[in-house]
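Reading through the structure tokens given below for one structure.
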Amino acid sequence: LMAAPMQETFERWLAAESARAPVLIVVDDAHHADRASLRALAHAVGASRGPWLFVPVARAPAPDPVAREGAEVLALRPLDEASPAGALASTQARLASLPGELRRVLRAASVFGNAFRAEGLRPLVPDLAPVDGAAQALVGLGLIAPLERDGVRVRGAYAFASGLVREAAYDTFTDEDRRAAHGLAARWLAEREDAGPRALAEHWERAGDVGRALEHLLAAASRALEAHDYAQVLALTRRGEAWGAEGTLAGALARRAADAHHARGELRESVAMARRAMESLPARSDDWFAPSSARMRAACVLGLTEGFE
């Protein structure tokens, strides 16, 4: 008995709302809904002058009241294709359809991370330089975008539209080509005054030159210590250990870690890292005395003076 009044009330409400602003109606699991309700909803939407968007979601085949004349039916992918692996494969397939020049530029850009400068790509694709035209084409395709900082466009700099696009491009390298590309990127960055030692360390490590990577990692740890970024110092020290730092390099990193721990009030950790530094550095050298002093200060506070001459 109430079906007709409810239908009329809903239609009046929809007409009033759509006259004031666009209306979006989403019905999930429409295949579970009863046919009478779907028919009433479809009729109300069809009778309204809009603007409106009616989006019923249902398993195939769609219920008759939903698949009305003039409706556009979209097939959604299975959930397994929407997984990270499926999304990566889909993105890689899209990149594979690009012209070769655009694929090469995108792959070269991926070496620098999520953001890059067009001029930095020239050593990696010298036969395609200049690459500005290719970069603009990739912007038009929505794969990269002009880089902005604080709302200001950075001239000649771009960022990947998503980490997924960058990962898909980077995965197209062979191991040998990837190492060579990172070496070229490191050499280009080394000529720039604004090149950060941590970025250089990362590139040299991926290029397979761990010796150079550790030298820049030590420089990055020193810079972080000067900036009082003690968490960064410790993170870089752990990175050096993972890269196999030995001898004086290991001792120099441990020395900076000891200072960072001491500044954070972590005195036992400071003593341990100072001891490690002293074991790796030449005894009684200029570098050796710094961790020795730090260890002594921390040990005295803790009352751990055993072992000092």
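As a basis for the values below, the full set of heavy atoms in this structure was taken, side chains included, without hydrogen atoms, waters or symmetry mates.
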Practice task
Please check if V105 and W188 belong to a single hydrophobic cluster, counting links between Ile, Leu, Val, Met, Phe, Trp and Tyr side chain heavy atoms closer than 4.5 Å.
Solution key: yes
Problem - same_hphob_cluster(V125, L138) at 4.5 Å side-chain heavy-atom cutoff - result: yes
Review item, side-chain donor-acceptor pairs of residues 152-159, under 3.5 Å, at least two apart:
{"from": "R153", "atom 1": "NH1", "to": "A157", "atom 2": "O", "distance (Å)": "3.0"}
{"from": "Y158", "atom 1": "OH", "to": "Q136", "atom 2": "NE2", "distance (Å)": "3.0"}

Practice task
Check the pair R166, D171 against salt bridge (charged side-chain N to carboxylate O under 4.0 Å, His left out), reporting the backbone distance first and the verdict last.
Solution key: CA-CA 9 Å; R166 188 257 169 182; D171 280 357; over 6 Å; no
Problem - Closest approach of N114 to G163 (non-hydrogen atoms, all atoms of both residues) - result: OD1-CA, 4.2 Å
Handout entry: Joint hydrophobic cluster, L98 plus F173, side-chain heavy atoms closer than 4.5 Å
Key = yes
Practice task
Could you walk me through whether Q232 and R198 pass the side-chain hydrogen bond (donor to acceptor under 3.5 Å, both in side chains) test, one step at a time?
Solution key: CA-CA 11 Å; Q232 180 78 306; R198 181 173 182 178; 3.0 Å; yes
Fill in the blank from the handout: For T91 and A168, the nearest pair of non-hydrogen atoms, with its separation, is CG2-CB, 3.7 Å
Handout entry: Exercise: identify the closest heavy-atom pair between A185 and V111
Key = CB-CG1, 3.9 Å
Exercise for the section: Taking all heavy atoms of L253 and all of G240, pick out the closest pair and write down the distance. Expected result: CD1-CA, 4.0 Å
Handout entry: Same apolar cluster: L121 and L200, side chain cutoff 4.5 Å
Key = yes
Handout entry: Ring-face cation of R178 near Y170 (centre distance under 6.0 Å, axis angle within 45°)
Key = yes
Exercise for the section: Taking atom types as modelled, find out whether R103 and T172 have a side-chain donor-acceptor pair closer than 3.5 angstrom. Expected result: no
Handout entry: ILVMFWY network linking L124 to L143, side-chain heavy atoms under 4.5 angstrom
Key = yes
Practice task
For H261 and E266, test the side chains for any donor-to-acceptor distance below 3.5 angstrom and give the result as yes or no.
Solution key: yes
Exercise for the section: Quick one: sort the H203 and H182 rings into parallel, tilted or perpendicular, breaks at 30° and 60°. Expected result: tilted
